[in-house]
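The structure presented is a predicted model; accordingly, all values stated were derived computationally and were not measured. Residue numbers start at 1 and run along the sequence shown.
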Amino acid sequence: QVQLVESGGGLVQTGGSLTLSCAASGRTFSAYVMGWFRQAPGKEREFVTGISLNGGRPSYADSVKGRFTISRDNAKNTVYLQMNSLKPEDTAVYYCAGGLMVLVFTTAARYDSWGQGTQVTVSS
């Protein structure tokens, strides 16, 4: 497994932006498909976005398409989530996840490494 640590969460107003970072250590980061999931109170954890090994062909949930952008820097062992035009319904704990695989999957069970999560709160 790879160890993951998220940062960058916080409180932002509707329409604002935040950038989350996830720093990886312990294994070969470039061998891991990376994803972001989120979990709001009382709801199940849901897929937000994922990115392939070389950074190409990202996948997004319909709810965030056009607003969120995932990227990765394999030299820095870091994956990023740029979030724009934030809405109150984006409020959740955001988790970084890594999976030793070659395709981006939207199922949480496919990922074997998880960060501790970072809170994002969007006020109306």
Side-chain angles (χ1 to χ4, degrees):
Q1 294 183 343
V2 63
Q3 286 74 51
L4 304 173
V5 179
E6 302 99 335
S7 61
L11 174 64
V12 65
Q13 292 184 336
T14 297
S17 299
L18 279 176
T19 300
L20 305 183
S21 299
C22 173
S25 62
R27 297 291 296 269
T28 305
F29 176 71
S30 59
Y32 282 77
V33 165
M34 299 301 298
W36 288 94
F37 289 75
R38 66 187 182 186
Q39 188 167 18
K43 295 187 176 181
E44 294 186 353
R45 190 170 299 190
E46 64 174 359
F47 173 81
V48 176
T49 179
I51 192 167
S52 59
L53 303 181
N54 62 0
R57 294 187 294 179
S59 178
Y60 296 94
D62 288 342
S63 59
V64 306
K65 279 181 182 177
R67 301 188 297 121
F68 290 12
T69 302
I70 189 173
S71 62
R72 67 187 296 164
D73 186 337
N74 286 345
K76 295 183 177 180
N77 289 354
T78 302
V79 62
Y80 305 96
L81 180 61
Q82 173 67 44
M83 304 184 293
N84 298 326
S85 302
L86 283 162
K87 305 174 181 179
E89 50 263 44
D90 294 318
T91 295
V93 177
Y94 283 70
Y95 296 91
C96 175
L100 200 58
M101 51 198 180
V102 295
L103 297 177
V104 175
F105 289 96
T106 62
T107 305
R110 290 280 191 169
Y111 296 79
D112 56 15
S113 299
W114 291 84
Q116 81 287 353
T118 185
Q119 177 71 45
V120 172
T121 303
V122 184
S123 63
S124 57

Any non-hydrogen side-chain atom of [X] less than 4.5 Å from a side-chain atom of [Y]?
X	Y	result
Thr91	Gln119	yes
Leu20	Val120	yes
Trp36	Phe68	no
Pro88	Thr14	yes

Calculate, to the nearest 0.5 Å, the distance between atoms [atom1] and [atom2] belonging to [X] and [Y] respectively.
X	Y	atom1	atom2	answer
Phe29	Cys22	CZ	SG	7.0 Å
Met34	Ser71	CE	OG	11.5 Å
Met83	Thr19	CE	OG1	7.5 Å
Ser59	Ile51	OG	CD1	11.0 Å

Query raised in the report: With a 3.5 Å cut-off and no angle check, do the side chains of Asn54 and Ser52 form a donor-acceptor pair?
Result: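 Yes, side-chain donor-acceptor contact under 3.5 Å.
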
Report task. Check the side chains of Gln13 and Ser123 for a donor-acceptor pair under 3.5 angstrom, ignoring hydrogens and angles. Result ->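 Side-chain D/A pair, Ser123 to Gln13: absent.
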
Query - Charged tip of Arg110 within 45° of Phe47 ring normal and under 6.0 Å - result: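 No.
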
Query raised in the report: Is the backbone of Gln116 close enough, under 3.5 Å, to the side chain of Glu6 for a donor and an acceptor to pair up by distance?
Result: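 Checking the backbone N and O of Gln116 against the side chain of Glu6, a donor-acceptor pair under 3.5 Å is found.
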
Query raised in the report: Do side-chain atoms of Tyr111 reach the backbone of Cys96 as a donor and acceptor pair under 3.5 angstrom?
Result: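 Side chain of Tyr111 to backbone of Cys96: no pair is present.
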
Query raised in the report: Can a salt bridge be assigned to the pair Lys65 and Asp62 using a cut-off of 4.0 Å between side-chain N and carboxylate O?
Result: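 The answer is yes: the pair qualifies as a salt bridge.
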
Query raised in the report: Are there more than 12 heavy atoms of other residues, nucleotides or ligands under 6.0 Å from atom CZ of Arg67?
Result: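 Count over threshold, so yes.
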
Query raised in the report: Would you call the rings of Trp114 and Tyr95 parallel, tilted or perpendicular, where under 30° means parallel and over 60° means perpendicular?
Result: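 Because their plane-to-plane angle is over 60°, the rings of Trp114 and Tyr95 count as perpendicular.
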
